Amino acid sequence: MEEFKTYVLKEPIGVVGLITPWNYPLLMATWKVAPALAAGCTAVLKPSELASLTCLELGAICEEVGLPSGVLNIITGLGPDAGAPIASHPHVDKIAFTGSTATGKTIMTAAAQMVKPVSLELGGKSPLVIFDDVADIDKAVEWAMFGCFFNSGQVCSATSRLLLHVCMLSWILFYLENQPFSNR
């Protein structure tokens, strides 16, 4: 085996299309923009039409601190008019999308025509698992409520189901039914 050598060459993939949702607009944009730029890629950011202003401000800050023109491009508009062309454009080399499963399927279909890599973070089914050895049922119920209702439940990882050990079912239901919502 000593006659073999392995080399890894890290190269930017090229132009990356970044499509973000309306919730947490700055956070979601920076989670996509920062790694793309750090990898040496240029980026086309398409924020949600419901929350574009924060991303436009991000672009202004990037320009102010000296990011070269054309490295981060921000396109606003509706999905079919602004997002779809990014997904299907032959000079966009990769797509990163966070949003609904239906839109994710559309983006993946468009990107597949060019065998373009796609990263999708879609609406999920995030369970909270409660085993029979839970030490603090009050705390478990508090986290279940927080997971369901934080940010009005508009979080990709919002608790959408509880997976309970069978012996915990009656306890957890009792606590959930008697949990005061006004304190949360």
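In this chain, numbering begins with 1 at the start of the sequence shown. All figures in this text were calculated on a predicted structure; none of them were measured in a lab.
- Hydrophobic clustering (side-chain heavy atoms under 4.5 Å, transitive across Ile, Leu, Val, Met, Phe, Trp, Tyr) keeps Leu45 apart from Ile75.
- Remark: the Lys116 side chain and the Ser88 side chain contain no N/O donor-acceptor pair separated by less than 3.5 Å.
- Ile13 approaches Pro117 most closely through the heavy-atom pair CD1-CG, 3.7 Å.
- Hydrophobic clustering, with ILVMFWY side chains joined whenever heavy atoms are under 4.5 angstrom apart, groups Met108 together with Ile86.
- The CG atom of Asn23 lies 9.0 Å from the OG1 atom of Thr98; values are rounded to the nearest 0.5 Å.
- Residues Cys55 and Pro47 approach most closely at SG-CB, 3.6 Å, considering heavy atoms.
- Classified by interplanar angle (parallel below 30°, tilted 30° to 60°, perpendicular above 60°), the ring pair Phe146/Trp143 is perpendicular.
- One finds the CG atom of Leu72 at 8.0 Å from the CG atom of Leu18 (value rounded to the nearest 0.5 Å).
- The distance from atom CD of Glu57 to atom CD of Glu64, rounded to the nearest 0.5 Å, is 8.5 Å.
- The closest donor-acceptor contact from the side chain of Ser160 to the backbone of Ser126 lies under 3.5 Å.
- For the pair Ala111 and Val118, the tightest heavy-atom approach, listed with the atom from each and the gap, is CB-CG2, 3.3 Å.
- Residues Ala140 and Val134 come closest through the heavy atom pair CB-CG2, 4.1 Å.
- Contact of the Ile19 side chain with the Ile107 side chain is registered, since non-hydrogen atoms from C-beta on lie closer than 4.5 Å.
- Side-chain contact between Ile130 and Leu163: absent, with no pair of heavy atoms (C-beta onward) separated by less than 4.5 Å.
- Annotation for Glu63: atom CD does not count as buried by contact number, only 12 or fewer foreign heavy atoms lying within 6.0 Å.
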